[in-house]
Amino acid sequence: MLSKYSEVKWESQKLAINYFRVAIILFLANLLFGLLAAIQYLYPNFLFEIIDFSINRTLHINALVVWLLYAMIGAVYWMLPEETGIETVGIGLGKLLFYILTAAIAVVVLVFLLIQVGAGDIKSIWLINEGREYLEAPRWADIGIVVVVLGFLANVFLTAFKGRRTGILTVLMFDLLALAGLYLAGMFFTKNISMDQFWWWWVIHLWVEATWEVYVAAVVGWGLIKTLGANRKIVEMWIWIELAMLFGSGILGLGHHYFWIGTPEYWWEIGALFSALEPVPLIGMFVHVIYDWGKQAGKQHEINNKPAFAWFVVNTFGNFLGAGVWGFMHTLPQINIYTHGTQWTPAHGHLAFYGAYAAILIGMMYIVVQGKYGIRQMRFTAAGKWGISLLTIGLIGMTMALTIAGYQQSMIERAEFGSTWAGYFAAQNSHWMLQAMGWRLAMGVVTMLGFVFLFKDLLTIGPKLKAEEAAGSTANANAPAGAAATA
Amino acid sequence: MEERPTSVWGSTRFWRKSAGWVTGVSALLLIWLSADTVPQISMRSAEDLDAGKPMRVPPPTVINHKITYEFDARRGHEIPIIGEKEAFFGRNDYSEEEANALLTHGKLTVQAKNCMSCHTLLGNGGYYAPDLTKAWLDPAWSDQGPYMAMTGTTSREEAMAKFLMKPSTYPTHARRMPELGITEDEAKAVVAFLKHMASIDTNGFPRNFAKINGGVNAK
Ligand code: HEM
Ligand code: HEM
Ligand SMILES: [Fe+2]
């Protein structure tokens with residue numbers, strides 16, 4: 001994916017490749033800082049007062065959010081010319097914004113690492129660290145992000161209006177608009193911590209459980225047409241159904257974060273009811289993919305990009321399991337009073353983010369590689385198989401470890417001790433917790449290994465399959481693609 | 001190719017319209033509910049506090065008062081009780097402006113040092129360190145707990161401020177809190193922030209606080 005070779009004709013797709021390149025590097029940062037944080041759970045003196053847990057965690061989750069956003073923007077720039085049939089309007093501006101955003105992010109990372117914390121005044125919020133989980137980027141960077149995203153949106157809207165505006169694009173346009181608008185809800189200071197968290201959740205929840213999910217529904221739909229040759233009319237109808245279900249449950253499902261932050265009791269009922277419905281569209285998305293797969297298999301239609309499709313399957317199943325099942329487990333207030341803010345939450349957070357977002361965007365990376373090298377038939381390489389297996393095993397393993405940790409933390413710290421400082425450490429120092437943290441680290445290493453294979457595969461699969469196809473077509477024009485692999 | 005749908009269930013138009021309606025109605029409901037919630041979670045006035053009105057988020061002047069967390073039979077869980085006047089760093093007469101400035105400084109410090117990346121506040125944040133929602137009431141800071149003696153202080157707020165300025169020199173566990181360059185002024189302000197947070201009505205979170213050591217009504 002890093003090489004210069006390219007059969008891509010559209011400038012928009014060249015820009016998309018750049019977005020994916022940065023995304024994969026930030027994915028590496030995401031994992032690296034996660035590992036450092038996980039080590040500190042077991043060896044608290046590791047990097048103590050050098051790069052503290054708080055710094056590692058901030059870099060871990062911010063790298064995550066930014067790599068997902070980069071890949072999301074990249075995927076749209078990739079799809080745009082294919083959907084509209086024309087070059088993206090304002091592509092020059094798009095490229096400029098890409099470099100500005102990337103430079104800004106590099107500066108923010110350096111400030112997090114080297115300056116780390118500021119004095120307790122508004123200057124620190126503007127220049128160093130906003131100190132609000134996931135939205136730690138200082139205010140100047142927030143404004144930069146808003147400007148860049150507005151430019152991106154302008155490009156998408158102008159291109160869609162000028163070219164062919166398909167159903168998939170229509171969904172994406174309005175969804176991206178909402179996604180960008182929500183970011184503004186996180187950009188103000190208040191001394192009132194309840195008010196702070198009330199609006200903070202508008203950004204976080206309405207991103208991951210509403211607008212990002214709809215984005216995924218649209219991209220999976222597009223991917224099914226692309227890899228399986230699924231019927232566009234049916235796919236687009238499904239996307240509208242999914243959108244109705246996702247927004248219908250996800251928007252008011254926001255209430256499941258308003259149980260204990262100072263907000264009134266009526267959110268117990270509203271949050272419980274609507275968030276309990278959130279898994280329904282996730283089952284729907286899973287069924288959709290499996291159904292289309294079965295239908296096309298019946299028609300003897302070959303999947304033209306096996307790794308991408310495999311990642312789509314990991315996506316729909318992981319989304320259902322991580323967000324749907326693991327989310328549902330702690331979404332009722334009777335349970336959440338004991339699990340809120342324990343290791344239950346990251347157990348769910350890891351599998352949900354991986355299943356719902358990382359997987360689909362890795363799938364898109366394979367589609368990009370296919371397009372970049374003009375490969376007719378993408379098969380799985382050994383590295384690709386190791387990558388998808390180890391990453392998935394690693395994430396599921398971490399989730400299991402954190403679930404056990406969360407269970408005993410709810411029992412010991414929350415139920416038995418009543419959440420004091422002493423109770424917190426009684427839970428942290430129990431054998432169950434220590435073992436779980438050991439397994440989390442081990443599974444984190446497995447995850448990292450999976451990443452190494454994935455990275456290698458993304459770099460090499462293109463040239464490799466391209467050469468095979470070229471050799472195959474000169475040696476035997478009728479040989480099925482992939483048969484040349486053994487030659 | 002153009003197939004006529006045999007029923008509305010197979011019609012893209014129908015689903016597109018439904019999606020629009022569902023989204024619109026949900027968004028409007030959320031906005032309506034938020035319009036009800038936001039005033040309820042806004043900080044109340046110092047007058048309301050003095051008049052003893054029930055409130056979810058008290059004003060900054062709550063730092064002039066004793067705060068406890070007690071079981072409420074009607075609601076079925078604990079709620080913060082704002083009691084008689086109590087000295088905070090030797091005074092119980094912080095004016096609205098003073099208390100306001102203190103709380104603002106405290107909240108800014110909490111953000112600039114990113115406490116939330118290790119601790120949870122109101123249950124949200126990192127899971128590496130204890131939840132701070134009711135940290136003000138934690139038995140470890142009381143005269144029965146170890147910290148007044150460790151820091152050579154005689155009050156909860158002084159012990160907390162001393163600790164926050166040099167946390168890694170007062171450890172109680174292998175997992176220590178690092179030094180974050182917190183000044184004396186910042187430390188006092190952060191303690192005011194923590195005291196205020198303990199007075200927020202969180203619908204009984206955390207449940208049965210300090211059930212084992214110190215009792216539900218931490219003194
Ligand atoms: C792809 C979709 C989803 C993602 C990526 C996701 C991710 C997350 C993350 C990262 C958190 C922790 C936030 C924090 O740092 O404080 C969280 C919290 C939570 N999520 Fe999800 N989630 C998803 C879907 C769902 C669904 C469908 C449900 C319910 C059915 C759910 C229920 C919850 C609940 C109840 C919490 C609060 C946990 C607590 O009280 O500490 N999530 N989610
Ligand atoms: C090498 C693998 C990884 C390791 C060792 C790791 C470790 C960690 C650690 C130690 C935390 C802090 C939890 C705490 O506050 O106690 C964390 C948080 C988090 N990580 Fe990872 N992580 C890894 C990979 C990932 C991946 C691949 C994703 C997303 C796809 C991810 C998403 C998150 C999220 C969303 C949070 C915040 C969770 C919350 O607040 O509930 N991590 N991770
Ligand atoms: Fe949520």
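Naming convention: chains lettered A, B, ... in sequence-line order (proteins, then strands); numbering from 1 in each chain. Atoms considered below: every heavy atom in the structure, side chains included; atoms not considered: hydrogens, waters and symmetry mates.
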### Query
Would one find more than 12 heavy atoms of other residues, nucleotides or ligands at under 6.0 Å from atom CD of A:Glu265?
yes
### Pairs of heavy atoms under 4.5 Å with chain B: top-ranked of A:Leu254, A:Asn45, A:Thr58
A:Thr58
### Query
Contact part of A:Phe189 toward chain B, heavy-atom cut-off under 4.5 Å: side chain, backbone, both or neither?
side chain
### Message
Is A:Asn56 in contact with chain B via its backbone, its side chain, both, or neither, using a 4.5 Å heavy-atom distance?
### Response
neither
### Task
Using a cut-off of under 4.5 Å on heavy-atom pairs, state which of A:Tyr43, A:Trp201, A:Trp199, A:Trp200 scores highest against chain B.
A:Trp201
### Message
Taking side chain as everything from C-beta outward and backbone as N, CA, C, O, which of these in A:Glu130 sits under 4.5 Å from a heavy atom of chain B? Side chain, backbone, both or neither.
### Response
both
### Task
Kindly give the heavy-atom pair with the smallest separation between B:Thr12 and A:Lys233, and that separation in Å.
OG1-O, 4.0 Å
### Query
Contact part of A:Leu206 toward chain B, heavy-atom cut-off under 4.5 Å: side chain, backbone, both or neither?
side chain
### Task
State, with a plain yes or no, whether a side-chain heavy atom of B:Asn208 is found less than 4.5 Å away from one of A:Arg414.
no
### Message
Tell me whether the count of non-hydrogen atoms from other residues, nucleotides or ligands lying under 6.0 Å of CZ in A:Phe174 goes above 12.
### Response
no
#### Entry: For the student: nearest non-hydrogen atoms of B:Arg207 and A:Ile337, plus distance
NH2-CD1, 3.6 Å
### Task
Tell me, yes or no, whether the heavy-atom count around A:Tyr266 atom OH, taken from other residues, nucleotides or ligands under 6.0 Å, exceeds 12.
yes
### Task
May I ask you to decide if B:Pro178's main-chain N or O and A:Glu49's side chain share a donor-acceptor pair within less than 3.5 Å?
no
#### Entry: Residue pair B:Leu108 / A:Lys191, side-chain heavy-atom distance below 4.5 Å
no
### Task
Output the distance between atom CG (A:Leu246) and atom OG (B:Ser26), rounded to the nearest 0.5 Å.
11.0 Å
### A:Pro138, part contacting chain B, at a heavy-atom distance under 4.5 Å
neither
### Task
Among the options B:Gly126, B:Ala189, B:Ala135, pick out the one with the most heavy-atom pairs lying under 4.5 Å from chain A.
B:Gly126
### Task
Could you tell me which portion of A:Thr342 (side chain, backbone, both or neither) has an atom closer than 4.5 angstrom to a non-hydrogen atom of chain B?
backbone
### Query
Which bit of B:Asn100 is near chain A, if near means a heavy-atom gap under 4.5 Å: side chain, backbone, both or neither?
both
### Message
So A:Trp260 and B:Leu122, do their side chains get closer than 4.5 Å, heavy atoms only?
### Response
no
### Query
Is A:Phe259 close to B:Phe205 at the side-chain level, that is, under 4.5 Å between some pair of heavy atoms?
no
### Query
Which one, B:Ala174, B:Gly145, B:Cys118, B:Pro130, leads in non-hydrogen pairs under 4.5 Å with chain A?
B:Pro130
### Query
At their closest point, which heavy atom of A:Tyr41 faces which heavy atom of B:Arg175, and how far apart are they?
CD2-NH2, 3.5 Å
### Task
Let me know if A:Ala210 has heavy atoms under 4.5 Å from chain B in its side chain, its backbone, both or neither.
neither
#### Entry: Heavy-atom pairs under 4.5 Å with chain B, option from A:Gly250, A:Ser249, A:Pro346 with the top count
A:Pro346
#### Entry: Interface residues of residues 192-199 of chain B facing chain A - heavy atom cut-off under 4.5 Å
B:Phe193, B:Met197
### Query
For the ring pair B:Trp15 and A:Trp238, is the centre-to-centre distance below 6.0 Å?
no
### Query
Between A:Phe425 and B:His173, how do the two ring planes meet: parallel, tilted or perpendicular, split at 30° and 60°?
parallel
### Summary
Per-residue tally against chain A (heavy atom, under 4.5 Å) across B:Gly106, B:Ser18, B:Ser168 peaks at B:Ser168
### Query
Cationic tip of A:Arg57 within the cone over B:Tyr127's six-membered ring, i.e. under 6.0 Å and within 45° of the normal?
yes
### Task
Please flag which part of B:Val190 lies under 4.5 Å from any non-hydrogen atom of chain A: side chain, backbone, both or neither.
neither
### Test: B:Arg16 and A:Glu236 ion pair at under 4.0 Å
no
### Task
Would you check, one step at a time, whether the test side chain to side chain contact (heavy atoms under 4.5 Å, CB included) holds for B:Thr37 with A:Phe198?
CA-CA 9 Å; B:Thr37 296; A:Phe198 181 84; 3.7 Å; yes
### Query
Hey, does A:Glu136 have a side-chain heavy atom less than 4.5 Å from the side chain of B:Asn114?
yes
### Query
Would you find more than 12 non-hydrogen atoms of other residues, nucleotides or ligands less than 6.0 Å from A:Met187 atom CE?
yes
### Query
So, does B:Asn203 use its side chain to make a donor-acceptor pair with the main chain of A:Thr263 at under 3.5 Å?
yes
#### Entry: B:Trp21-A:Phe247 aromatic ring centre distance below 6.0 Å
no
### Query
Is chain B contacted by the side chain of A:Ile270, its backbone, both, or neither, given a heavy-atom distance below 4.5 Å?
side chain
### Shortest non-hydrogen contact from A:Ser419 toward B:Pro206
OG-CB, 3.3 Å
### Query
Among A:Gln40, A:Gln116, A:Gln343, A:Glu413, who wins on heavy-atom pairs under 4.5 Å with chain B?
A:Gln40
### Query
Considering only heavy atoms, which portion of A:Ser54 lies under 4.5 Å from any heavy atom of chain B: side chain, backbone, both, or neither?
both
### Message
Is it the case that the side chains of B:Asn124 and A:Gln197 hold a donor-acceptor pair, with the cut-off being a distance below 3.5 Å and no angle test?
### Response
yes
### Message
To the nearest 0.5 Å, what is the distance between CD on A:Glu133 and OG on B:Ser117?
### Response
7.5 Å
### Query
Can you tell if the side chain of B:Leu33 reaches within under 4.5 Å of the side chain of A:Leu252, non-hydrogen atoms only?
yes
#### Entry: Point-to-point distance, once rounded to the nearest 0.5 Å, from CH2 of A:Trp202 to OG of B:Ser34
4.5 Å
### Message
Measuring only between side-chain heavy atoms, which start at C-beta, is B:Gln111 closer than 4.5 Å to A:Asp196?
### Response
yes
### Message
Among A:Leu243, A:Asn192, A:Ile261, A:Asp121, which residue has the highest count of heavy-atom pairs closer than 4.5 Å to chain B?
### Response
A:Asn192
### Query
Tell me, side chain or backbone of B:Thr120 under 4.5 Å from chain A's heavy atoms, or both, or neither?
side chain
### Query
When only pairs under 4.5 Å are counted, which of B:His77, B:Arg75, B:Arg176 shares the most heavy-atom pairs with chain A?
B:Arg176
### Query
Which residue out of A:Pro264, A:Ala37, A:Ala415, A:Ser124 racks up the most heavy-atom pairs below 4.5 Å with chain B?
A:Pro264
### Message
Using a 3.5 Å distance criterion without hydrogens, assess whether the side chain of B:Lys113 forms a donor-acceptor pair with backbone atoms of A:Gly120.
### Response
no
### Query
Should the pair B:Tyr128 and A:Phe53 be assigned to parallel (<30°), tilted (30 to 60°) or perpendicular (>60°) ring geometry?
parallel
### Message
Looking at every heavy atom in both A:Gly262 and B:Ile41, which two are closest together, and how far apart are they?
### Response
O-CG2, 3.3 Å
### Query
What pair of heavy atoms forms the shortest contact from B:Pro139 to A:Thr420, and how long is it?
CD-CG2, 3.7 Å
### Query
Side chain, backbone, both or neither: which part of B:Met55 has a heavy atom under 4.5 Å from chain A?
neither
### Task
Answer yes or no: does atom CZ of B:Arg13 have more than 12 heavy-atom neighbours from other residues, nucleotides or ligands under 6.0 Å?
no
### Query
Is it the side chain or the backbone of A:Ile125 that comes within 4.5 Å of chain B heavy atoms, both, or neither?
side chain
### Query
Is any side-chain heavy atom of A:Trp421 closer than 4.5 Å to a side-chain heavy atom of B:Thr172?
yes
### Message
So for A:Tyr338, is it side chain, backbone, both, or neither that comes closer than 4.5 Å to the heavy atoms of chain B?
### Response
side chain
